[in-house]
Amino acid sequence: MKKEESKKLTVAELPVGGVVEAGTAVNFHTGSWRSRRPVWSKDKCISCLVCWVSCPDGSIRLVPDEKRINIVDGIDYDHCKGCGICEKECPTAIGAITMEEEKK
Amino acid sequence: MIKSMYSKGSLVAKTGNEIMAEALRQIEPDVVAAYPITPATEIVQIFSQFVADGVVKSEYVAVESEHSAMSATIAASAAGARAATSTSSQGLCLMWEMLYIASGLRLPIVMAEVNRAISAPININADHSDTMGARDTGWIQIYSEDSQEAYDNMIQATKIAEKAKLPTLVAMDGFITSHCMEVVEAYSDTDVKAFVGEYKPERYLLDVKNPYTLGSIDLQDYYFEHRYQLAQAMRDAKSIILDVAEEFKRTFWREYGFYEKYMLDDAEVAIVVIGSTAGNVKVVVKELREKGVKAGLLKIRVYRPFPKEQIAKDLAHVKAVAVIDRSDSCSGAFPPLYCDVVTSLYSAGILNPKILSYIYGIGGREFCGEQIIKVYETLGKVAFGLEKPSGEVEYINVRIK
Amino acid sequence: MSAGMIEIRWHGRGGQGAKTAALLFAEAVMATGMYIQAFPEYGPERMGAPVKSFNRVSEDPIVIHSGIKNPNYVVILDSSLMKSVPITDGIGKTGKVIANTSLSASEIAKELDIDINQIYVVNASRIALKTIGKDIPNTPMLGALVKVIGTLDIDDVLKNIKAKLTAKFRHEPGIVEGNLASIKMAFDEVRN
């Protein structure tokens with residue numbers, strides 16, 4: 001990707017007191033930092049949500065099932081940094097998440 | 001016979017601390033977090049009694065240190081509350097890193113500060129070392145000559161802080177003002193409340209419908225701009241301070257500016273001073289005037305932001321000026337007020353007045369009568385070329401040899 | 001000191017109420033239409049240690065904020081201080097000393113080595129014991145001071161102090177009456 005000078009706010013444009021709007025982290029795609037990627041197996045997963053609780057970046061995607069109970073629906077690769085905590089935390093007997101080399 | 005200026009005011013006998021607590025009662029901040037310290041203790045002691053008695057609706061947070069007092073005040077202010085605190089000396093020192101955070105986050109906190117010397121050696125009496133050390137923290141600093149001014153300044157500070165979005169400190173001299181009972185004209189609760197108005201922050205953290213982040217990291221790409229904003233806010237605060245003073249005059253009939261000029265307009269020799277000592281100097285100026293000496297006084301009220309243009313203009317005609325500091329910067333050069341006055345004149349291209357530097361009253365040492373006359377005598381000699389300024393800071397009433 | 005300003009120095013021991021007396025006196029005098037100042041010796045107070053407090057009274061606004069070096073009146077709450085503290089400092093030939101003592105003015109004059117015309121005496125401790133039931137000489141001495149100054153209206157002073165004490169001791173009316181009686185009695189008994 002070609003490096004572009006992003007437009008930076010001036011003193012006049014900046015909110016005072018270092019105020020930063022909420023929710024801007026969504027726009028920051030940290031997924032590009034990843035060297036290894038978690039791969040999730042829908043067949044093995046029992047939706048215990050241990051990975052969801054453990055993920056430091058909130059990158060385990062959830063969806064409600066027909067009983068409106070949240071179940072795992074995969075990985076948010078836009079924000080997952082590839083730390084591997086989900087693989088480690090997924091119960092050994094289940095092994096629904098495995099880390100693989102990121103293909104670049 | 002005592003007269004009141006403001007027809008609706010009432011004359012009361014109060015110490016500086018008592019009247020400061022009264023001002024806080026009338027302003028009724030949403031949150032006051034403070035830790036007691038001599039000689040400011042009574043301010044929050046009396047105020048906490050108001051809270052306990054249900055006289056005010058304020059939340060009083062009894063913290064375990066001044067660092068926590070400032071932290072709690074910052075948090076309350078960021079959450080959207082009108083927040084205030086009070087401290088002195090070591091207490092202000094312990095608040096240090098949080099002072100910068102209050103100003104950096106642009107929180108309109110108000111502080112009642114009682115000037116006291118700094119340890120070591122331990123000393124509880126008045127000098128300006130504490131607030132002078134905090135002069136570059138991005139806080140507006142307003143100094144008071146007596147209890148009346150402390151009261152009036154506190155009422156104005158609330159409004160100034162909220163308009164300028166800058167924390168504001170109102171200082172008075174420890175014991176000399178804080179513990180001296182004097183006649184003060186107090187205004188009615190209704191009038192003070194109407195003057196300060198209701199605090200309506202543009203944004204606040206407890207506004208859950210409009211969430212935002214406060215206090216995030218700010219690196220090479222943005223930090224400089226934010227600090228420029230702060231510095232500019234301090235420059236812009238000058239007109240806000242004058243506007244509030246104008247409104248105060250319209251409401252309560254008392255006149256305030258950046259500083260008070262006492263017989264200065266035609267003065268040939270003048271002293272520049274901060275705080276309660278101004279009263280002692282006024283007595284001497286009056287005596288000297290009766291003898292035909294054209295003596296004058298400039299008493300700083302607003303020290304931060306420093307009114308450089310106005311001071312340069314008002315001192316330009318004076319032949320010899322003594323800037324007397326009640327703190328020593330230990331800089332190897334000159335004390336703070338002197339530096340500010342000299343740079344103000346020099347940068348305005350005004351090079352005529354001879355400006356002498358003195359340090360007095362450290363740790364509460366007296367400075368009055370004869371000693372003040374001696375300063376004016378030296379100024380007289382310098383003004384008319386009979387003596388050359390030493391070019392060094394001179395210390396008044398200290399045993400050097 | 002400007003002409004017409006009265007300056008007063010109180011000597012007592014920590015706990016005897018020298019500071020309270022100065023504050024109470026100032027408030028009462030303000031009620032008579034004068035500008036006032038009342039301030040303690042700047043420093044920590046310790047029970048039993050010699051302490052000082054000060055008053056200024058003036059027709060004009062008081063701008064000076066320094067210690068008092070040449071008092072017009074010196075009030076001594078505890079006569080044992082005369083041996084250890086320079087009571088007469090700065091009073092010159094015109095300053096007056098008002099002492100709480102059982103001794104006579106001539107005995108005090110000899111003790112302090114000043115002119116007898118500068119001395120006023122009153123047994124404020126005895127008055128306090130009689131009226132308040134405790135040896136708290138500060139309020140009676142206030143009455144003695146008002147008498148010696150001569151220009152202040154004792155009834156105005158009493159009225160103001162009554163209001164002030166009534167607010168402070170609203171649950172103990174006896175204290176108010178005792179204090180007022182002590183002021184009046186010392187006002188009547190103080191002698192040159």
Any donor-acceptor N or O pair under 3.5 Å, side chains B:Asp340, B:Tyr303:
yes
Check whether the side chains of B:Ser144 and B:Asn153 place a donor and an acceptor atom closer than 3.5 Å, and report yes or no.
yes
For chain A, which candidate among B:Leu214, B:Asp218, B:Thr213 shows the most heavy-atom pairs at distances under 4.5 Å?
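Max contact count across the listed options: B:Thr213.
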Let's test your reading of the structure: which of B:Arg203, B:Glu225, B:His226, B:Lys165 forms the most heavy-atom pairs below 4.5 Å with chain A?
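The answer is B:His226.
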Looking at chain B, which one of A:Gly23, A:Pro15, A:Ala12 has the largest number of heavy-atom pairs inside 4.5 Å, strictly under?
A:Pro15
Salt bridge or not for A:Lys8 and A:Glu13, using N-O below 4.0 Å?
no
Region of B:Asp221 that comes under 4.5 Å of a non-hydrogen atom in chain A:
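Contact with chain A involves both backbone and side-chain atoms of B:Asp221.
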Assert yes or no for the condition that the ring centre distance of B:His128 to B:Tyr143 is strictly below 6.0 Å.
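So the answer is yes for these two rings.
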